[in-house]
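Everything on this sheet refers to the single structure shown next.
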Amino acid sequence: MIPQLACFTFLDKLGNIILGSVIAVAFVICFVIMAKYKHSRKILTYILCVATLMIGLASSINFIRMITAKSYENGSIDITNKFSQEEYNIKNLAITFYPTENAQSFVFENDSVKTDDFNGEKYNYILKINNHYITDCEINAGSISAKMNLELNDSLGNVTYSGTMNILISFYSDRTNLKLSVKTTTDAQAFTKYFQDNTFSLEVIKLL
Amino acid sequence: MPKSTPNTYKKRTSKKTFNRIGRVLLVLLMTLAVIMITVNAYYYYVVKPFRTVVGINNISDQIGVDIIDKMQKEDELSEQEKQEFEERWFLNVNYYSNDANNGIELQEMRLDYFTGFELTSNQYRSSGMQYVGNFKTYDNYGSSSEAEQYVVSDFIYYDTTNGISWNGYAGKYGSVATKLNRNEKFIIKIDNEPYLIQLTGSITKGWWIFSVRGYFDYGDVFASVINAVKSNSAGYGDYYITLDLSTFFSISKYDTTSGTFVKDDVSDVIKNYCVLKFHYDRNGARNATQSMFNCIESDANYDLDKTIDTTYWQERIVYNIDLNTKIKNVDVLNKRYSEAYGGYLISLNPLAKAYFEEMERTRINLKLNLGLLRANNIIGFDYGAFKDFELNSIELLSVDERNFYLLEESLVDTKLKSFKYNSKITLVKSDNFSDNAFVEVIS
């Protein structure tokens with residue numbers, strides 16, 4: 001916040017009051033002097049009439065604006081659909097793997113809004129990550145576990161990295177939890193780099 | 001005494017008449033003016049306090065009007081465009097709290113707005129502030145004119161268009177970036193129409209000449225918004241809440257007739273609500289991609305982890321398919337019983353082939369565990385089984401001695417690189433089963 005300095009504000013306001021008072025006193029003195037003489041009395045009258053007419057006009061406009069003013073509402077906000085989702089659909093997530101407490105693996109975890117009515121026992125689902133359908137996929141009643149295999153090639157076409165990422169999506173009553181896990185530091189950095197370059201999007205699609 | 005002629009007399013009479021009419025008119029107008037002044041004062045001080053006019057502005061999404069048109073015609077947007085354009089809000093927050101003590105505490109706030117009145121996607125722009133640590137707002141004394149230009153120096157500021165961020169804020173003067181101060185005005189969209197929003201909020205403490213005015217700056221907005229995220233009932237995650245910005249911001253509507261933004265000065269109470277989209281993480285930030293600006297401390301390569309070279313040309317998503325593999329709930333492999341060969345011949349399901357071909361940058365390995373002959377009588381690849389389908393490798397395992405038939409054109413146009421099988425299998429190859437050389441590995 002930028003507060004004004006109290007002493008300067010006080011002096012500023014005091015100065016305005018003094019200036020205002022001086023101007024008011026000057027007006028009164030001029031008024032009294034002008035009222036003394038017949039010719040200047042006429043000019044004073046005209047000035048007062050014009051001032052009154054202008055103030056009257058401004059008052060009329062203000063009055064009309066005040067009586068015609070109505071309450072209004074611009075725009076609308078409806079984010080009820082943002083507190084749950086019909087299908088689990090994640091986009092543009094920044095993936096970074098963190099070592100687990102025992103440092104045996106590396107995990108990325110994200111909570112988001114609950115998914116309405118996911119039921120792996122009743123419906124068939126498919127999992128899609130970055131436009132790739134995941135075939136190594138197990139659908140349970142309230143969760144999906146899957147594996148994604150990645151290879152990275154150098155500019156000569158040689159495979160410089162090959163690894164697997166485990167995916168676990170858990171559908172709870174109040175949220176949806178996504179957990180991605182890999183085994184080694186190399187896996188973590190390779191998958192992080194892949195998702196940095198290609199973003200990360202994941203869809204769970206219900207088959208009708 | 002000079003004689004007055006009839007003409008002079010007429011002129012004097014008409015002049016007197018005009019004067020009289022003028023005076024009467026003046027008196028009437030003066031009376032009317034005084035009446036209006038009285039009525040205005042009466043209405044303002046007596047009637048109006050019992051009549052409250054409320055203005056409400058709800059700031060929802062900031063998606064361009066051209067994108068909204070395209071979204072309504074679903075096939076006009078590519079998947080990438082949908083990802084990029086579907087989510088855009090005036091206020092966005094990214095907060096890595098480092099409660100898990102595994103990185104750095106990172107707080108960010110971004111404003112999404114437009115640079116023109118047409119509100120189209122080519123006028124998208126974002127400006128934001130980043131703080132490494134836990135920001136606490138403070139007072140910085142100054143005059144009212146200084147307050148209007150003041151930019152909180154504790155932050156790193158970024159501008160973003162099309163996902164590319166830069167920090168052009170060089171100091172107090174000479175900036176090529178948006179200065180987040182009270183002078184800055186942003187064009188936003190409400191009801192698909194342009195509005196102007198500006199930080200104008202202030203508070204007054206004290207009385208009369210002893211009162212002091214405090215002007216809010218973007219540091220105050222930042223601290224309030226981060227606090228709102230910290231105190232949300234859902235906790236960590238990606239969520240949405242609505243904020244009341246009335247204390248900080250004022251909004252003007254764009255008048256198309258006059259071509260100006262018109263302030264609302266008739267409402268007694270004005271409320272401005274806005275959607276905030278946030279990411280709140282218990283972890284600490286570890287690399288620049290976790291920032292909404294893709295930079296931490298103006299470093300796009302910021303990375304606490306990077307120990308190996310992960311530079312690559314292209315990636316491949318690897319599929320290891322076998323008899324049980326399904327894609328989009330469709331079996332990848334078909335089996336056909338052949339009387340002539342006395343067993344099942346395998347081929348690729350054409351529907352599965354179509355699904356694989358939809359996906360780019362894949363590498364497909366076929367692995368068949370042929371098992372016991374009597375239980376799983378797979379004896380070969382059918383005619384044209386994998387024709388024109390890119391296969392990286394094939395691996396066959398069998399516990400029994402058996403022949404495995406590769407019928408005509410079964411591996412033509414597959415660009416197969418290796419074929420691995422154990423010694424219990426004998427490959428019986430038809431004349432034109434394949435058109436490219438591949439490595440055979442017998443284990």
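Predicted model only: the values in this text are computed from it and were never measured. Proteins come first, then strands; the chains are lettered A, B, ... in the order of their sequence lines, and each starts at number 1.
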Practice problem: Show your reasoning for whether side-chain hydrogen bond (donor to acceptor under 3.5 Å, both in side chains) applies to B:Asn57 and A:Asn74. | Solution: CA-CA 5 Å; B:Asn57 295 302; A:Asn74 292 326; 3.0 Å; yes
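- Heavy atoms of B:Glu146 lying under 4.5 Å from chain A are absent altogether.
- In terms of non-hydrogen atom pairs under 4.5 Å with chain B, the most contact-rich of A:Asn149, A:Thr160, A:Ile17 is A:Asn149.
- Here ring pair (Phe, Tyr, Trp, His ring centres under 6.0 Å) pairs that include residues 104-126 of chain A, with residues two or more places apart or in two chains, are A:Phe118-A:Tyr125, A:Phe118-A:Phe171.
- Only the side chain of B:Ile203 comes within less than 4.5 Å of a heavy atom in chain A; its backbone stays farther off.
- A:Ser71 and B:Thr52 make their closest contact through OG-O, 4.0 Å (heavy atoms, listed as atom of the first residue, atom of the second, distance).
- Residue with the most contacts toward chain B among A:Asp111, A:Leu11, A:Leu150, A:Thr96: A:Thr96 (heavy-atom pairs, distance under 4.5 Å).
- Only the side chain of B:Tyr96 comes within less than 4.5 Å of a heavy atom in chain A; its backbone stays farther off.
- At a 4.5 Å heavy-atom cutoff, the contact between B:Tyr273 and chain A is made by backbone and side-chain atoms alike.
- With a 4.5 Å cut-off on non-hydrogen atoms, A:Thr192 touches chain B through its side chain but not through its backbone.
- A donor-acceptor pair under 3.5 Å is formed between the side chain of B:Asp220 and the backbone N or O of A:Met1.
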Self-check item: Candidate pair B:Tyr43 and A:Asn62, rule side-chain contact (heavy atoms from CB on, under 4.5 Å), full reasoning
Solution: CA-CA 10 Å; B:Tyr43 188 85; A:Asn62 193 50; over 6 Å; no
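- Of the possible donor and acceptor atoms, none in the side chain of A:Ser59 sits under 3.5 Å from a partner among the backbone N and O of B:Ile37.
- Looking at B:Gln290, both its backbone and its side chain come within 4.5 Å of chain A, counting heavy atoms on both sides.
- Between A:His132 and B:Tyr319, the angle of the ring planes lies from 30° to 60°, which puts this pair in the tilted group.
- Remark: B:Leu32 CG to A:Leu57 CG distance equals 10.0 Å, nearest 0.5 Å.
- In this structure, no portion of B:Arg282 lies under 4.5 Å from any heavy atom of chain A.
- The contact between A:Met148 and chain B is made entirely by side chain atoms (from C-beta outward), counting heavy-atom distances below 4.5 Å.
- Both the backbone and the side chain of A:Tyr72 come within contact range of chain B, judged by heavy atoms closer than 4.5 Å.
- Heavy atoms of A:Ser60 lying under 4.5 Å from chain B belong to its backbone as well as its side chain.
- Between chain A and the options B:Ile241, B:Asp268, B:Asp264, B:Thr325, the largest number of non-hydrogen pairs under 4.5 Å is found for B:Asp264.
- Contacts of A:Ile67 with chain B are made by both backbone and side-chain atoms, with heavy-atom separations under 4.5 Å.
- Residue B:Ala234: no heavy atom, backbone or side chain, is found under 4.5 Å from chain A.
- Checking side-chain atoms of B:Arg316 against main-chain N and O of A:Val159 turns up no donor-acceptor pair under 3.5 Å.
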Self-check item: Stepwise side-chain contact (heavy atoms from CB on, under 4.5 Å) test for A:Ile126 and B:Lys326
Solution: CA-CA 10 Å; A:Ile126 52 174; B:Lys326 290 188 183 206; over 6 Å; no
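- With chain A as partner, the option from B:Tyr215, B:Tyr138, B:Tyr236 having the largest number of non-hydrogen pairs under 4.5 angstrom is B:Tyr215.
- Under the 3.5 Å distance criterion, with hydrogens and angles disregarded, no donor-acceptor pair is assigned to the side chains of A:Asp136 and B:Asn320.
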Practice problem: Given side-chain contact (heavy atoms from CB on, under 4.5 Å), test B:Asn40 with A:Met66 step by step and report yes or no. | Solution: CA-CA 9 Å; B:Asn40 189 51; A:Met66 279 198 291; 3.2 Å; yes
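- Judged purely by atom type and a 3.5 angstrom limit, A:Asn153 has no side-chain atom pairing as donor or acceptor with the backbone of B:Glu315.
- Of the atoms belonging to A:Leu53, heavy atoms from both backbone and side chain fall under 4.5 Å from chain B.
- Under a 3.5 Å cut-off, the side chain of A:Asp154 and the backbone N or O of B:Tyr312 do not form any donor-acceptor pair.
- B:Val318 places none of its side-chain heavy atoms less than 4.5 Å from the side chain of A:Ser162.
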Quiz item: Please walk me through it: do B:Asn287 and A:Gln196 pass side-chain contact (heavy atoms from CB on, under 4.5 Å)?
Solution: CA-CA 10 Å; B:Asn287 61 67; A:Gln196 278 175 16; 4.0 Å; yes
